[in-house]
Protein chains: 2
Amino acid sequence: MVVSKVRQWTTAMEGGGMCPQRLVLEHVTSRWGVLVLLALDERSFRFGELRREIGGVSEKMLTQTLQTLERDGLVHRDAKPVIPPRVDYSLTGLGREASALVRSLAEWTERRLGEVEQARTGYDEIRAAASSG
Amino acid sequence: MVVSKVRQWTTAMEGGGMCPQRLVLEHVTSRWGVLVLLALDERSFRFGELRREIGGVSEKMLTQTLQTLERDGLVHRDAKPVIPPRVDYSLTGLGREASALVRSLAEWTERRLGEVEQARTGYDEIRAAASSG
DNA sequence: CGGGATCCTCACAGATACTG
DNA sequence: CAGTATCTGTGAGGATCCCG
């Protein structure tokens, strides 16, 4: 289990760089990356369709996210040379693996959300009491 | 499987807010959050010790990350009232669950890193060829 | 040694306008 | 419809000082 060595994920980040594993992880867990993976896991989408499905994402960010994930080999882009342009996005095998893991994390978050919020309440109460007393 | 509805993760984010699940996910997968969880999964750490272990993290960001994770109930903070101060950090049960999932994602990233980099090379070559010809 | 308060900055997110 | 190019702000993240 190589990843048990935290150093591997931390070293070699001088100069603004970052270890390559972290980069992939960042892409997959990025704000829109997560939503793209979850959406495309259901079915393929056209660009505008995906944009509406996700909601609240700008064209620029969706384009950027899709390009990053396509470059990483997680998303397949199928551009049909027609007028008007039609581009379909879907997951590759690699993308489906990633989306499954992201989904695990997302589902865990949903399951434990209550406990997390409870912990927050407790934390805030202690802090509030400490600052007032 | 509630999370299959992407809309749930996207709606209600007007005003800069974000659905609460996403917030927890952000904390857990944040730049330093990941490293903190992976490190504390091995053993407990003192503040400075953890800072050296992770490497490249500023005091401010480590403090902030630890506070966020503590507030979410993932990290336990044990401050001993001695001079000089001694504070030990460890994972809670919830934190261990989270770290396990993060570790899954991290390990997947390591396993597939080769394929991802290969995909990138292919992607870049096509783009380079397209822009030059 | 741990961490709060403050200041700075730059990378990234969003809006807009334009192209094929 | 699916992008690209450009401008701008915002805030995450880093450096520094200070205190218990």
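The chains referred to below are lettered A, B, ... by the order of the sequence lines, with proteins before strands, and numbering in each begins at 1.
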When rounded to the nearest 0.5 Å, the distance separating CD of Gln67(B) from CG of Leu62(B) is 10.0 Å

To the nearest Å, give me how far apart CG (Leu62(A)) and P (dT4(D)) are.
12 Å

Interatomic distance, Gln67(A) CD vs dA2(D) C1' [rounded to whole Å]:
11 Å

Check whether any side-chain heavy atom of Arg71(A) lies under 4.5 Å from a side-chain heavy atom of Arg127(B), and answer yes or no.
no

Rounded to the nearest angstrom, tell me the gap between atom CG in Leu66(B) and atom P in dC1(C).
17 Å

Name of the residue among Leu66(A), Val87(A), Val36(A), Leu40(A) meeting side-chain contact (heavy atoms from CB on, under 4.5 Å) with Phe45(A)
Leu40(A)

Once you apply a heavy-atom cut-off of 4.0 Å, does Glu59(A) come out as touching a base, just sugar-phosphate, or nothing?
base

Determine whether Phe47(B) and Thr63(B) make a side-chain contact, defined as any pair of heavy atoms from C-beta on separated by less than 4.5 Å.
yes

Take atom CE of Met61(A) and atom P of dG9(D), then tell me their distance rounded to the nearest Å.
19 Å

Quick one: on DNA chain C, does Ile83(A) or Ser30(A) contact a more 5' nucleotide (nearest heavy atom)?
Ser30(A)

Base, sugar-phosphate, or nothing: which does Arg77(B) touch, judged by heavy atoms less than 4.0 Å apart?
sugar-phosphate

What nucleic acid atoms does Glu26(B) come within less than 4.0 Å of, heavy atoms only: base, sugar-phosphate, or nothing?
nothing

Of Phe47(B) and Lys60(A), the one whose nearest nucleotide on DNA chain C sits closer to the 5' end is Phe47(B)

Distance in angstrom units between Glu70(B) CD and dG4(C) P, rounded:
10 Å

Whole angstroms only, please: what is the CZ-P distance between Arg46(A) and dA2(D)?
4 Å

Can you tell me if Trp32(A) touches the phosphate of dC12(C), counting only side-chain N or O atoms and a distance under 4.0 Å to OP1 or OP2?
no

Under-4.0 Å side-chain N/O to phosphate OP1/OP2 contact, Arg31(A) with dA12(D)
no

Euclidean distance, atom CG of residue Leu23(B) to atom P of dA12(D) [Å, nearest integer]:
11 Å

Along DNA chain D (nearest heavy atom to each residue), the more 5'-positioned of Pro84(A) and Thr63(A):
Pro84(A)

Taking 4.0 Å as the cut-off, does a side-chain nitrogen or oxygen of Tyr89(A) come that near to OP1 or OP2 on dG3(D)?
yes

Taking only the side-chain nitrogens and oxygens of Gln64(A), find out if one of them lies under 4.0 Å from OP1 or OP2 of dA13(C).
yes

Other residues, nucleotides, ligands: >12 heavy atoms within 6.0 Å of Gln118(A) CD
no

Gap between atoms CG and P, on Asp78(A) and dG3(D) respectively (whole Å)
11 Å

